[in-house]
Amino acid sequence: MTALPQILMAASEALSSHAGDPVAVEALLQAVFGIVVDEAIQKGTSASEKVCEWKEPEELKKLLDLELRSQGESQEQILDRCRAVIRYSVKTGHPRFFNQLFSGLDPHALAGRIITESLNTSQYTYEIAPVFVLMEEEVLRKLRVLVGWSSGDGIFCPGGSISNMYAVNLARYQRYPDCKQRGLRTLPPLALFTSKECHYSIQKGAAFLGLGTDSVRVVKADDRGRMVPEDLERQISMAEAERPWDISGIEDMEQEQLPSFAWTVSTPPVAFLVHGYLLGAGAAIHLSLPDVKGTFGSGAVPFLVSATSGTTVLGAFDPLEAIADVCQRHGLWLHVDGSGKGGGALGGELEEEPLTCLCSTPSRADSVAWNPHKLLAAGLQCSALLLQDTSTWKKASVERVGSDILLTLTQNLLKRCHGSQASYLFQQDKFYDVELDTGDKVVQCGRRVDCLKLWLMWKAQGSQGLERRIDQAFALAR
Ligand SMILES: Cc1ncc(COP(=O)(O)O)c(C=O)c1O
């Protein structure tokens, strides 16, 4: 335990391990930068060096001396530790580092990452991140232009998996806004559709968001890994045909007559009747409500299709035009997961042209996930969720009870879906436009800055430079 006088003295100093010694801070950081440049960047990208000095885990633990002790170490020891970390790590910028998903080192993106780390701010309000709030807005706007949208919304997320989960959550919220407050009990069983070649984050997202992995209906893919739209249509129609429940006894009742919570079931209760919505899941279960009898079926309400532009294993691009037609016919949210190879969208098309590769019908998707940290080599993490987010009123097709129809405004969906208006952070009487406080669009509180590395790289190389890089990657892959 540290003695109280020492604690009090320390409290009056700046919070820093080199408190009051700027010379020591500078010497440490100059030395670390030197090691990074020599070991991680020069050697780490040289073909005559190893990609990785591989060690078995037990040996590596000893070499790294991982234990954390009560006494601190000298600067020399710390610098040796930095060298060891780099030495035994995989050099992902090495020309012989081949990975399914990302590789290469872009110097401008790295410069952006160094500045981001050094400034260490959080992207939630304009007052703490004025430059990055405006920059994020512009980068997202530019990405939307490439997708083919002249307006909309978006946010940088911690990876493509999370971007996909946001899309699922937004689609569900857009259809059932009530679920934000009242949770899963307000929902019927739902179904989302994706191909068998989709990324596993769709399954994970279904579990994480409480939909359950059974809610993911797997659509056939052709021999090149592309979703088969006819099978999508068939599966959606099948889900629509199987009614999630039989409410024949209830439909004729007045709202007030509906019991809000009363039934007996022989199996564990997996179904609810709440405020007039009858909710259920699983195989057929007979309910005995005071005045009504209902039967639960195995159907589910379709709400989202997740197509993939660049599947993880085969690199297939789903036929978006045909899929968008299906979504339109059934009133479903179309999400396009371009996280894997979506950066390829930049290739082959001239700057400012809507991207035919990523999205043959981009303007018809509701959301797009795009990972510049993969093909574009912007560095982990850099993943954008883009939303078309129009300002028109849409009629959401909810399960009707009596004459209830739910109308949903799709504008500002991110904030309405995830916001909680914390008054200590998002005060509404600030001296600037509080729309610039983007923190309530996401489920995180603190959020790292992910836009600078992409912005700086884009500034340095222009869209044409990025495009050339992608074209080259595709050419090398042939
Ligand atoms: C198609 C696709 N979607 C999503 C992801 C997940 O992206 P992240 O690793 O950024 O979470 C990947 C990653 O490989 C992917 O290939």
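We count ligands from 1, going down the list as the structure has it; atoms in each ligand are counted the same way. Keep in mind the model is a prediction, meaning the values are calculated, not measured. All residue numbers in this chain count up from 1 along the given sequence.
- By the 30° and 60° cut-offs, the orientation of the rings of Phe97 relative to Phe102 is tilted.
- The atoms of ligand 1 that sit less than 4.0 Å from any heavy atom of His373 are 10 (O).
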What pairs of donor and acceptor atoms, side-chain ones from residues 107-114 against any protein atom, are under 3.5 angstrom apart with sequence neighbours left out?
none

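- Residue contacts with ligand 1, taken as heavy atom pairs separated by less than 4.0 Å, do not involve Gln381 at all.
- Between Lys430 and Glu127, at least one side-chain nitrogen of the basic residue sits less than 4.0 Å from a carboxylate oxygen of the acidic one, meeting the salt-bridge criterion.
- Between Val305 and Ile236, some side-chain heavy-atom pair lies under the 4.5 Å cut-off.
- For atom 3 (N) of ligand 1, the candidate residues are Asp337, Ile202, Asn371; the nearest heavy-atom contact is made by Asp337.
- In Ile162, neither the side chain nor the backbone holds a heavy atom less than 4.0 Å from any atom of ligand 1.
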Name every donor-acceptor pair, under 3.5 Å, that has one atom in a side chain of residues 226-234 and the other anywhere in the protein, sequence neighbours excluded.
{"unit_1": "Arg226", "atom_1": "NE", "unit_2": "Asp222", "atom_2": "OD2", "d": "2.9"}
{"unit_1": "Arg226", "atom_1": "NH2", "unit_2": "Asp222", "atom_2": "OD2", "d": "3.0"}
{"unit_1": "Asp231", "atom_1": "OD1", "unit_2": "Arg234", "atom_2": "NE", "d": "3.0"}
{"unit_1": "Asp231", "atom_1": "OD1", "unit_2": "Arg234", "atom_2": "NH2", "d": "2.8"}
{"unit_1": "Asp231", "atom_1": "OD2", "unit_2": "Lys220", "atom_2": "N", "d": "2.8"}
{"unit_1": "Asp231", "atom_1": "OD2", "unit_2": "Gln235", "atom_2": "NE2", "d": "3.2"}
{"unit_1": "Glu233", "atom_1": "OE1", "unit_2": "Arg329", "atom_2": "NE", "d": "3.1"}
{"unit_1": "Glu233", "atom_1": "OE1", "unit_2": "Arg329", "atom_2": "NH2", "d": "2.5"}
{"unit_1": "Glu233", "atom_1": "OE2", "unit_2": "His330", "atom_2": "NE2", "d": "2.5"}

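- Contacts between Thr312 and ligand 1 below 4.0 angstrom, taking non-hydrogen atoms only, involve backbone and side chain alike.
- Considering backbone and side-chain atoms together, Thr308 places no N or O closer than 3.5 Å to any N or O of ligand 1.
- More than 12 heavy-atom neighbours from other residues, nucleotides or ligands sit within 6.0 angstrom of CG on Asp80.
- Between Tyr173 and His418, a ring centre-to-centre spacing not shorter than 6.0 Å is recorded.
- At least one N or O atom of Gly160 sits closer than 3.5 Å to an N or O atom of ligand 1.
- Residue Gly159 has at least one heavy-atom neighbour below 4.0 Å for each of these atoms of ligand 1: 10 (O), 11 (O).
- Of all the atoms in ligand 1, the ones that sit under 4.0 Å from a non-hydrogen atom of Gly310 are 1 (C).
- Comparing His199, Met165, Glu197 by heavy-atom distance to atom 12 (C) of ligand 1, the nearest is His199.
- At a 3.5 angstrom cut-off on N or O pairs, Ser201 does not count as close to ligand 1.
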- [ ] Start with the C-alpha distance between Phe156 and Val442, add both sets of side-chain angles, then the distance that settles side-chain contact (heavy atoms from CB on, under 4.5 Å), and finish with yes or no.
- [x] CA-CA 9 Å; Phe156 276 93; Val442 291; over 6 Å; no
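- No more than 12 heavy atoms of other residues, nucleotides or ligands shown are found within 6.0 angstrom of CZ on Phe208.
- Remark: ligand 1 atoms within the under-4.0 Å shell around heavy atoms of Ser339 are 2 (C), 3 (N), 4 (C), 5 (C).
- Neither the backbone nor the side chain of Thr311 has any atom closer than 4.0 Å to an atom of ligand 1 (non-hydrogen atoms only).
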